[in-house]
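In what follows, a structure is listed as structure tokens, so that the remarks can point back to it.
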Amino acid sequence: MSKRTLINNAVQERDFFADVMDVVRQIPRGRVTSYGAIAKYLGAPRSSRMVGFCMNNAHTVRPKVPAHRVVNRIGLLTGKHHFGSPTAMEDLLKKEGVKVKDDQVVDFRKKFWDPTVELGF
DNA sequence: TGAGTGACATATA
DNA sequence: CTATATGCCACTC
């Protein structure tokens, strides 16, 4: 239990948490990014795990963040099980024009949205 | 306070 | 490309 934790409960902002979601919300429609890219943009290239962990709250927080646009580095929909339905994630992506095959984003490199580049770094 | 955990990444073979 | 091993940082209990 640290000060940060207490602040967490009270404010719930000013966290990795908030930063991650902030970035994720800026992902353009029809594009995807990776945990590592987000982590790197936040200055913690090795906190990629936390990025994913933050997504846990992503769907409990308002407004919801487009967590379906965040996949692992190879474009695999590792977090699809955390959505309501097992197919919700890829379904959303398909609706946005992102083709998904075998839980994997097609042309991932092409549709990859790098915050460190797009948002300017 | 300290150990366990996670929707991962990187390095190495 | 796969498989294994290790680091990683914030969070939870």
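All chains are named by letter (A, B, ...) in the order of the sequence lines, taking the proteins before the strands, and each is independently numbered beginning at 1. Values below: all heavy atoms of this structure, side chains included; hydrogens, waters and symmetry mates excluded.
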Starting at [atom1] of [X] and ending at [atom2] of [N], how long is that distance when rounded to a whole Å?
X      : N      : atom1 : atom2 : answer
A/F16  : C/dT12 : CZ    : C1'   : 17 Å
A/L76  : C/dT2  : CG    : C1'   : 14 Å
A/R49  : C/dA10 : CZ    : P     : 13 Å
A/N56  : C/dC9  : CG    : P     : 20 Å
A/K80  : B/dC8  : NZ    : P     : 14 Å
A/F112 : B/dA9  : CZ    : P     : 10 Å
A/N72  : B/dT10 : CG    : P     : 11 Å
A/K40  : C/dG7  : NZ    : P     : 21 Å

Item to check | A/M50 vs A/A37, nearer the 5' end of DNA chain B by closest nucleotide | outcome: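 Going by which nucleotide is closer to the 5' end, it is A/M50.
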
Checklist entry - In this structure, which one of A/K111, A/R31, A/H68 forms a side-chain hydrogen bond (donor to acceptor under 3.5 Å, both in side chains) with A/E96? => result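 It is A/H68, the one option of A/K111, A/R31, A/H68 that forms the side-chain hydrogen bond (donor to acceptor under 3.5 Å, both in side chains) with A/E96.
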
Next on the checklist: Any base atoms under 4.0 Å from A/T78, or only sugar-phosphate, or nothing? Heavy atoms, all strands.
Outcome noted: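 Touches sugar-phosphate only.
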
Checklist entry - With a 4.0 Å cut-off on heavy atoms, is A/A67 in touch with a base, just the backbone sugar-phosphate, or nothing at all? => result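 Since a base atom lies under 4.0 Å of A/A67, the category is base.
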
Item to check | Polar side-chain contact A/S47-C/dC9 base: donor and acceptor under 3.5 Å | outcome: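 Counting by modelled atom types and ignoring angles, no donor-acceptor contact under 3.5 Å is found here.
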
Checklist entry - Which pair of non-hydrogen atoms, one from A/S34 and one from A/N72, has the smallest distance, and what is that distance? => result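 The answer is CB-O, 3.9 Å.
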
Item to check | A/V106 with A/F112, same ILVMFWY side-chain cluster at under 4.5 Å | outcome: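 No, separate clusters.
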
Next on the checklist: I want to confirm an ordering. Mapping A/S48 and A/F53 to their closest nucleotides on DNA chain C, which one lands closer to the 5' end?
Outcome noted: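 The answer here is A/S48.
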
Item to check | 5' precedence on DNA chain C between A/N57 and A/R46 (nearest-nucleotide basis) | outcome: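 The 5'-side residue here is A/R46.
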
Checklist entry - If only atom types and distance count, is the side chain of A/D114 paired as donor or acceptor with the main-chain N or O of A/T116 below 3.5 Å? => result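 At least one qualifying donor-acceptor pair exists.
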
Next on the checklist: Between A/V51 and A/F16, is the side-chain contact (heavy atoms from CB on, under 4.5 Å) condition met? List the steps.
Outcome noted: CA-CA 8 Å; A/V51 176; A/F16 219 81; 4.2 Å; yes

